[in-house]
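Right, one structure below, let's go through it.
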Amino acid sequence: MKRLWLLPLLISTPAAARDSLGMFEAWGAFRDPAAPRCYAIAKPVSRAGSGFAAVGNWPRQRVRGQVHFRLSRVRADGASVILNVGERRFPLVAGQADAWAPDPRSDAAIIAAMRSAGSMSVQTQGANGRAFADTYTLRGAATAIDAAALGCARLR
């Protein structure tokens with residue numbers, strides 16, 4: 001939960017303040033020099049709700065490669081959130097509608113898995129008691145993640 005402070009930074013700046021670093025298949029890369037921050041982002045394959053997957057960089061906070069998921073639905077209190085990337089499974093820490101890797105080492109392992117897998121899904125139980133999963137294609141993810149990292153490489 002210690003990463004909750006980054007969420008407002010991700011969604012608070014008007015869209016006009018963001019520079020597109022490129023679209024790479026299903027993933028886009030953006031830079032917000034005002035924050036400064038850079039991130040790779042994608043919508044779930046189903047495109048239902050306001051869910052997304054992102055990998056962000058905040059140079060001033062010395063944060064690189066932080067994985068963040070906005071769930072497409074509100075999760076049930078106490079429900080675990082599991083990320084499946086190819087054959088790998090990662091437990092995530094979660095708020096009501098957001099989930100993150102528990103630590104930087106897990107972020108790095110998730111990104112490494114994303115680079116070699118074709119898809120990933122985030123699974124949990126919704127507030128209505130029914131299980132759901134947000135599924136993402138990983139086509140273009142590695143390139144978008146690299147573009148976002150390069151986009152912030154010189155920002156401080």
Got [X] and [Y] here, is their nearest side-chain heavy-atom distance under 4.5 Å?
X      : Y      : value
Val67  : Leu92  : no
Ile82  : Val122 : no
Met120 : Met114 : yes
Lys43  : Arg70  : no
Leu83  : Arg89  : no
Pro44  : Thr135 : no

Within a radius of less than 6.0 Å around CG of Asn128, do more than 12 heavy atoms belonging to other residues, nucleotides or ligands occur?
yes
Sequence neighbours excluded, which residues qualify as side-chain hydrogen bond (donor to acceptor under 3.5 Å, both in side chains) partners of [X]?
X      : value
Thr143 : none
Gln125 : none
Thr124 : none

Establish whether Phe52 and Phe24 are linked, either directly or via other cluster members, by ILVMFWY side-chain heavy-atom contacts under 4.5 Å.
no
List in chain and number order the residues that pass side-chain contact (heavy atoms from CB on, under 4.5 Å) with Leu21, two or more places apart in sequence or in another chain; answer none if no residue qualifies.
Ala29, Arg31
Listed once per pair and sorted, the salt bridge (charged side-chain N to carboxylate O under 4.0 Å, His left out) pairs that draw on residues 137-146, sequence neighbours left out
Glu25-Arg139, Arg115-Asp146
Short side-chain to backbone donor-acceptor contact, Arg64 and Pro59, under 3.5 Å
no
Short side-chain to backbone donor-acceptor contact, Asp134 and Leu71, under 3.5 Å
no
Is the gap between the ring centers of Tyr39 and His68 under 6.0 Å?
no
Looking at every non-hydrogen atom in both residues, tell me the closest pair between Ala148 and Ala40 and how far apart they are.
CB-N, 3.7 Å
Between Ala101 and Val93 the two heavy atoms that sit nearest each other are O-CG2, 4.0 Å
Are side-chain N/O atoms of Asn84 and Gln123 paired as donor and acceptor at under 3.5 Å?
yes
With under 30° as parallel and over 60° as perpendicular, where do the rings of Trp27 and Tyr136 fit, or are they tilted in between?
tilted
Ring pair (Phe, Tyr, Trp, His ring centres under 6.0 Å) partners for Phe90, two or more places apart
none
Find the distance between [atom1] ([X]) and [atom2] ([Y]) and round it off to the nearest 0.5 Å.
X     : Y      : atom1 : atom2 : result
Ser46 : Phe132 : OG    : CZ    : 10.0 Å
Gln66 : Asp107 : CD    : CG    : 6.0 Å
Phe30 : Cys152 : CZ    : SG    : 13.5 Å
Cys38 : Ile145 : SG    : CD1   : 13.5 Å
Arg37 : Arg60  : CZ    : CZ    : 12.5 Å

